[in-house]
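Structure, as structure tokens:
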Amino acid sequence: MFEKEITINGVNPIYGTLAIPQTEGKSPAILILPGSGPLDRNGNDRKGKIQTNLYKNLAHYFTKLGFVTLRYDKIGTGKRAGDVLTTGLSDLIADAKQAMTFLKQQTNVDHEKIILCGHSEGTIHATALAETMDPAGLMLLAGGVDNLIEALKKQRQLAYRELLAKSGFQGWLNRKLKIDQKGEKQTENLMKKMLNTDKDVVKIQLFFKQPAKYFREHSAFDARAALNKITCPVFAIQGDKDPLVDNDVLAELAGLVQGENEYHIIKNMEHTLKEQIGPKDILNYQKHVLNTINQPFHPDALEKIADWLSTNFKDSTSQARPTETIK
């Protein structure tokens, strides 16, 4: 495998990395679409607080299986210009479309076998792109089916339950103040403010900026309607210790997509596809991520991913061990 820096020219040039297997001829390709927040091409936040290298490690695993991979810096991260706060869903999808077009232009890529792989919020970008660009396959990692607004509401409900269930004075106070009702009312008021403006950014309490365009466009996106139009093979995987997703919604896939589909819920796996033995909780989510940064990907997840890729693209993949330890 070798890597090279690439630039996709445009109004705001996209900078990324191609990882290329040491094979002759054309190879299938996977475009990695990142999750929410200011993440660079490797999956690291721009402030350097959480360095997971999630997408770098995913790219290397896919490339060991014989796939060309492309990952890139999101707007306002890495080498990329732009403001995260003014970036909407439409901008993120436009980036993904440019990256997909770039892959189709590469002479070492089998243009009929380009797969979209979205992680977390990236599953929404991948779903939207698959609706119009006819990829060879769609991979949904730690997300899928719900749109962002639905997923965030479920995350809040889980957080409320954990806060209300706390023992001692803190739990009593949370219940007394009815923080769940108060929190939902505040969220409802904020969403109304963002939905009823055409500004990219709004301020709350005079000082705090909120990405109105981002939430407005996510609110308007119907992920299930988009899935109805997808005919390529679809693969989805989530962990049962992942507090940011609803495992149950993946059962809807068979009734939504038109092509072959499968999903897997991996026991003891969290949001970044690592093993988590402890309890599932959202209040300690960041702590769990930090604790697993140096751990390899969950071997069961790698096996399921490799099996699906082999089944659908077996004439082009290598014989790399599917459960090889990749961090």
Side-chain angles (χ1 to χ4, degrees), residues 8-16 31-41 43-47 55 70-102 116-133 135 138 140 142-156 186-205 207-227 229-230 244-245:
I8 304 173
N9 294 321
V11 176
N12 182 0
I14 297 174
Y15 299 95
L31 173 60
I32 297 174
L33 301 178
S36 60
L39 301 175
D40 66 16
R41 72 190 74 178
N44 300 326
D45 74 299
R46 62 180 178 176
K47 295 182 179 180
Y55 306 132
L70 174 59
R71 61 191 193 273
Y72 57 86
D73 295 330
K74 292 178 68 176
I75 295 170
T77 72
K79 296 178 65 175
R80 194 84 184 282
D83 184 356
V84 174
L85 271 176
T86 62
T87 300
L89 175 62
S90 58
D91 303 305
L92 298 169
I93 294 172
D95 279 357
K97 185 174 182 178
Q98 280 187 270
M100 178 77 160
T101 301
F102 175 85
L116 298 175
C117 175
H119 173 258
S120 193
E121 186 196 332
T123 61
I124 296 171
H125 310 161
T127 298
L129 194 60
E131 180 183 5
T132 60
M133 292 201 74
L138 174 63
L140 306 174
V145 181
D146 279 341
N147 73 6
L148 183 72
I149 306 305
E150 293 168 323
L152 290 176
K153 183 174 183 178
K154 291 175 181 179
Q155 291 172 21
R156 291 195 305 275
Q186 290 175 338
T187 300
E188 181 182 339
N189 291 336
L190 175 58
M191 284 301 299
K192 283 182 179 178
K193 185 172 184 178
M194 292 192 291
L195 292 175
N196 294 326
T197 182
D198 59 359
K199 295 180 179 180
D200 291 347
V201 178
V202 296
K203 289 184 179 180
I204 59 171
Q205 299 176 356
F207 302 105
F208 301 103
K209 295 180 179 180
Q210 294 292 321
K213 177 183 177 182
Y214 174 83
F215 281 106
R216 196 165 56 244
E217 292 182 347
H218 267 293
S219 180
F221 180 68
D222 188 337
R224 288 171 175 81
L227 286 166
K229 300 176 184 178
I230 292 172
L244 304 188
V245 299

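Every heavy atom of this structure was used, including side-chain atoms; hydrogens, water molecules and symmetry mates were not. Positions are given from 1, in the same order as the sequence printed here.
- In this structure, K97 places its NZ atom where only 12 or fewer heavy-atom neighbours from other residues, nucleotides or ligands lie under 6.0 Å away.
- Distance alone, capped at 3.5 Å, is enough to place a donor-acceptor pair between the R216 side chain and the K199 backbone.
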For this session: Could you check L195 against S219 for side chain to side chain contact (heavy atoms under 4.5 Å, CB included), going step by step and ending with a plain yes or no?
Result: CA-CA 8 Å; L195 292 175; S219 180; 3.9 Å; yes
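- Counting heavy atoms from C-beta on, the side chains of T187 and R156 come closer than 4.5 Å.
- Counting heavy atoms from C-beta outward, I75 and D83 have side chains that stay 4.5 Å or more apart.
- Taking each heavy atom of V201 and L85 in turn, the nearest pair found is CG2-O, 3.6 Å.
- Between atom CZ of residue F208 and atom NZ of residue K203 there is a gap of 11.5 Å, rounded to the nearest 0.5 Å.
- With contacts defined as side-chain heavy-atom distances shorter than 4.5 Å, the pair D200/P211 does not qualify.
- A salt bridge links R224 with E150: the distance from a Lys NZ or Arg NE/NH1/NH2 to an Asp or Glu carboxylate oxygen falls below 4.0 Å.
- Separating the CE atom in M133 from the CD1 atom in I230 is a distance of 13.0 Å, to the nearest 0.5 Å.
- To the nearest 0.5 Å, atoms CZ (F102) and CG (N9) are separated by 9.5 Å.
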Problem set entry | Pair Y15-R41, side chain to side chain contact (heavy atoms under 4.5 Å, CB included): steps then yes or no | CA-CA 8 Å; Y15 299 95; R41 72 190 74 178; 3.6 Å; yes
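- Judged by distance alone, the side chain of R80 and the main-chain N or O of P13 form a donor-acceptor pair under 3.5 Å.
- The residues K79 and D73 are annotated as not salt-bridged, no charged nitrogen and carboxylate oxygen being separated by less than 4.0 angstrom.
- The pair K74-D40 does not count as a salt bridge, with every side-chain nitrogen at least 4.0 angstrom from each carboxylate oxygen.
- Of all heavy-atom pairs spanning V202 and A212, the tightest one is CG1-CB, 3.9 Å.
- Between atom OG1 of residue T197 and atom NZ of residue K192 there is a gap of 15.5 Å, rounded to the nearest 0.5 Å.
- Considering every non-hydrogen atom in both L140 and G144, the closest pair reads CD1-CA, 4.2 Å.
- A heavy-atom distance below 4.5 Å is found between the side chains of Q210 and M194.
- Here the side chains of M100 and P135 are in contact, with some heavy-atom distance below 4.5 Å.
- With hydrogens and angles disregarded, a donor-acceptor distance shorter than 3.5 Å links the side chain of N12 to the backbone of A81.
- Between T87 and L92 there is a side-chain heavy-atom pair separated by less than 4.5 Å.
- Taking OH of Y72 as the start and CG of L39 as the end, the distance is 11.5 Å to the nearest 0.5 Å.
- A distance of 7.0 Å separates OG of S36 from CG of L148, quoted to the nearest 0.5 Å.
- Within the structure, side-chain hydrogen bond (donor to acceptor under 3.5 Å, both in side chains) contacts touching residues 120-132 (residues at least two apart or in different chains) are S120-H271, E121-H125, E121-Y214, E121-H218, E131-K229.
- Here the closest non-hydrogen pair linking G43 and Y55 is CA-CD1, 3.3 Å.
- Residues I14 and Q98 meet the side-chain proximity criterion, which asks for heavy atoms closer than 4.5 Å.
- The salt bridge (Lys or Arg N to Asp or Glu O under 4.0 Å) check on K213 picks up D91, with sequence neighbours excluded.
- Here the side chain of T77 pairs no donor or acceptor atom with the backbone of P38 at under 3.5 angstrom.
- The closest donor-acceptor contact from the side chain of N147 to the backbone of A223 lies at 3.5 Å or more, if one exists at all.
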